[in-house]
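Note that this is a predicted model, so its numbers are computed, not measured. Atom set for the values below is all heavy atoms of this structure, side chains included, hydrogens, waters and symmetry mates excluded. Just follow the structure's listing: the first ligand is 1, and inside any ligand the first atom is 1.
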Amino acid sequence: MHHLHRGLAAVLWLSISGLVWAIELDLDDPQSIKDAAAVVAKGMMTFYNGDKPGGIPGLLPPPYYWWESGAMWGQLINYWYYTGDDTYNAEVMKALLFQVGPNEDYMPPNQTKAEGNDDQAFWAFTVMDACELKFENPPADQPQWLALAQAVFNQQVARWDSENCGGGLRWQIYPFNNGYNYKNTISNAGFFQLAARLARYTNNQTYADKAEEMFEWMLNSPILIDRNTSYWVNDGTSNDNDCADPDRTQWTYNYGTLIAGSAYLYNWTNGSELWKQRLDKFIAGLSPIFFAPERGGGNVMCEWSCELNQKCNYDQPSFKAYLTRWLVTTMQLAPYTWDTIKPKLEASAMGAAQQCTGQPGGDRCGRRWYQAEWDGFTGVGEQMSALAVITANLVPKITLEPPVTVDTGGNSTGNPAAGTAPDQVNPYHDGEITTADRAGAGIITALLLIMTVGGSWFMVS
Ligand SMILES: *[C@@H]1O[C@H](CO)[C@@H](O)[C@H](O)[C@H]1NC(C)=O
Ligand SMILES: *[C@@H]1O[C@H](CO)[C@@H](O)[C@H](O)[C@H]1NC(C)=O
Ligand SMILES: *[C@@H]1O[C@H](CO)[C@@H](O)[C@H](O)[C@H]1NC(C)=O
Ligand SMILES: *[C@@H]1O[C@H](CO)[C@@H](O)[C@H](O)[C@H]1NC(C)=O
Ligand SMILES: *[C@@H]1O[C@H](CO)[C@@H](O)[C@H](O)[C@H]1NC(C)=O
Ligand SMILES: *[C@@H]1O[C@H](CO)[C@@H](O)[C@H](O)[C@H]1NC(C)=O
């Protein structure tokens, strides 16, 4: 497939045995990046029907879970911030406010039965994006972004499981859900990142102390393996055998969550050596697994655990979006990482654009960025990941306005006590639980079911 140049046009028709779309991406030309991003964003929103008659604002239809909807709104906040295109802003506002739940804590009754700590965290990340990127504040009589994030933080503090394995968060909030005994990395790392961001945004040491406590717990558990010059990030561990073993499956978003949390704390501590070392070890852990030289020359991101065997579920194709976004944040908060990270975002964006080329729909992208031809997959996750990595290349080194804080222009209204009223920490009290409910809607449910601790692990390198 060849690319024709047509000025600034990012999309062109190629006539090779019928009509085929291609995305033309020139990373030296911001307009080309914006045009490509607009096409991919539009493609992503074709999966959404919450804005249609009968649709529910904020929710992607099945098979997508609630958490991924939350993540998608965060992607659109980033999209607006980097491109200036506010096409979706009104929908983002509506979605984020519609799903807050009666206690303003991202525990909406339709979801609580199957809600995990990680699911709730992804909505909290999105409202933190709103705070830090100065997305429009909700009307004064509505819940405010910062207070919503604080509600999630406060509830998760109260869920700290000191009875087992010396602490940490369980994956699931309720005992009747599969995975209640699993301590997955994304729930714990999610809390860590949220605490780190709240510390920096509000300039409040209490949050930083909680982030540090969580980090120490992960480091003392089989979740984080210190390999001296790098960290190995496992997928989780289980109360069932006192957290003796990890599930060693490797996912981009687990690293990404920890990388960003470390970068926030690095920045907030004015460049402390401790957080620099931790950040560097996470970044060093990425390359052997997710940026293998044999797949795209060493700079193209690959979801190693499910792309090679093409067994990604509906959640997993979106994970690269989060690692991408959080690498961008890291470049901003720890500018010394720019030279390491930037080439990875460039090569990955070119790879992603290739995957948006050759499929018949016009605005859909595949999954394997290291493969020249569209790989036949489409979905919200594929779109979100491509959108994240293409827009990541709009981040200019010098002029970028960083994620703000209350001291640098952030003005979201907070409530340090949000979410802590009696009965609010675990607000499910709706009667009978059926077997169907137990199917669970958390992230990587299937992984847990096949996980026999210690039995499914593998090593890279
Ligand atoms: C909960 O589900 C009901 C029934 O489908 C729907 O009408 C309502 O809008 C949903 N609420 C949220 C917050 O998704
Ligand atoms: C890390 O360094 C220590 C002390 O130098 C050494 O004993 C240990 O084997 C090293 N661990 C790894 C995973 O390389
Ligand atoms: C970072 O530096 C600022 C300005 O010098 C200072 O006010 C602040 O206390 C420092 N923060 C930390 C966590 O040391
Ligand atoms: C913290 O982030 C700001 C904004 O990007 C940046 O200018 C500053 O250099 C960072 N601090 C450190 C210690 O890198
Ligand atoms: C918050 O800042 C925005 C600009 O980012 C401004 O439009 C808005 O009026 C401010 N709100 C308050 C309550 O100060
Ligand atoms: C800092 O955060 C903690 C935890 O939410 C809260 O209890 C405390 O009031 C906050 N401090 C300030 C000065 O806002």
State whether [X] and [Y] are salt-bridged, where the test is any N-O pair (Lys NZ or Arg NE/NH1/NH2 against Asp/Glu carboxylate O) under 4.0 Å.
X: Lys34; Y: Asp85; value: no
X: Arg170; Y: Asp161; value: yes
X: Arg197; Y: Asp129; value: yes
X: Glu216; Y: Arg278; value: yes
X: Arg368; Y: Glu307; value: no

* Asked: Considering only heavy atoms, which of Asn411, Asn137, Thr413 lies nearest to atom 11 (N) of ligand 5?
  ->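 Considering heavy atoms of Asn411, Asn137, Thr413, the nearest to atom 11 (N) of ligand 5 sits in Asn411.
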
* Consider ligand 4: state whether an atom of it lies below 4.0 angstrom from any non-hydrogen atom of Tyr266. =>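 Yes.
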
* What atoms in ligand 4 come closer than 4.0 Å to a heavy atom of Gly271? ->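 With Gly271 as reference, the close atoms of ligand 4 come out as 13 (C).
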
* To do: Pull out every atom of ligand 4 sitting under 4.0 Å from any heavy atom of Pro335, numbered as shown with elements.
  =>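 The atoms of ligand 4 under 4.0 Å from a heavy atom of Pro335 are 9 (O), 14 (O).
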
* Pull out every atom of ligand 3 sitting under 4.0 Å from any heavy atom of Trp268, numbered as shown with elements. => 11 (N), 12 (C), 13 (C)

* **Enumerated ligand 3 atoms positioned under 4.0 Å from heavy atoms of Asn270** =>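 It comes down to these atoms of ligand 3: 1 (C), 2 (O), 3 (C), 8 (C), 10 (C), 11 (N), 12 (C), 14 (O).
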
* Tell me whether the guanidinium CZ or amine NZ of Arg200 lies under 6.0 angstrom from the six-membered ring centre of Tyr264 and within 45° of its axis. =>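 No, Arg200 does not lie over the aromatic ring of Tyr264.
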
* **Row check, Tyr231 ring normal vs Lys281 NZ/CZ: under 6.0 Å, within 45°** => yes

Does the protein place a non-hydrogen atom closer than 4.0 angstrom to [atom]?
atom: atom 2 (O) of ligand 3; answer: yes
atom: atom 5 (O) of ligand 5; answer: yes
atom: atom 14 (O) of ligand 3; answer: yes

* To do: Decide whether an N or O pair under 3.5 Å exists between Asn267 and ligand 4.
  => yes

* Whether Lys210 side chain and Phe191 backbone form a donor-acceptor pair below 3.5 Å -> no

* Based purely on interatomic distance, does Thr269 place a nitrogen or oxygen under 3.5 Å from a nitrogen or oxygen of ligand 3? ->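 No: no nitrogen or oxygen of Thr269 is under 3.5 Å from one in ligand 3.
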
* So is there a nitrogen or oxygen of Lys134 less than 3.5 Å from a nitrogen or oxygen in ligand 5? ->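 In fact, backbone or side chain, Lys134 has no N or O that close.
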
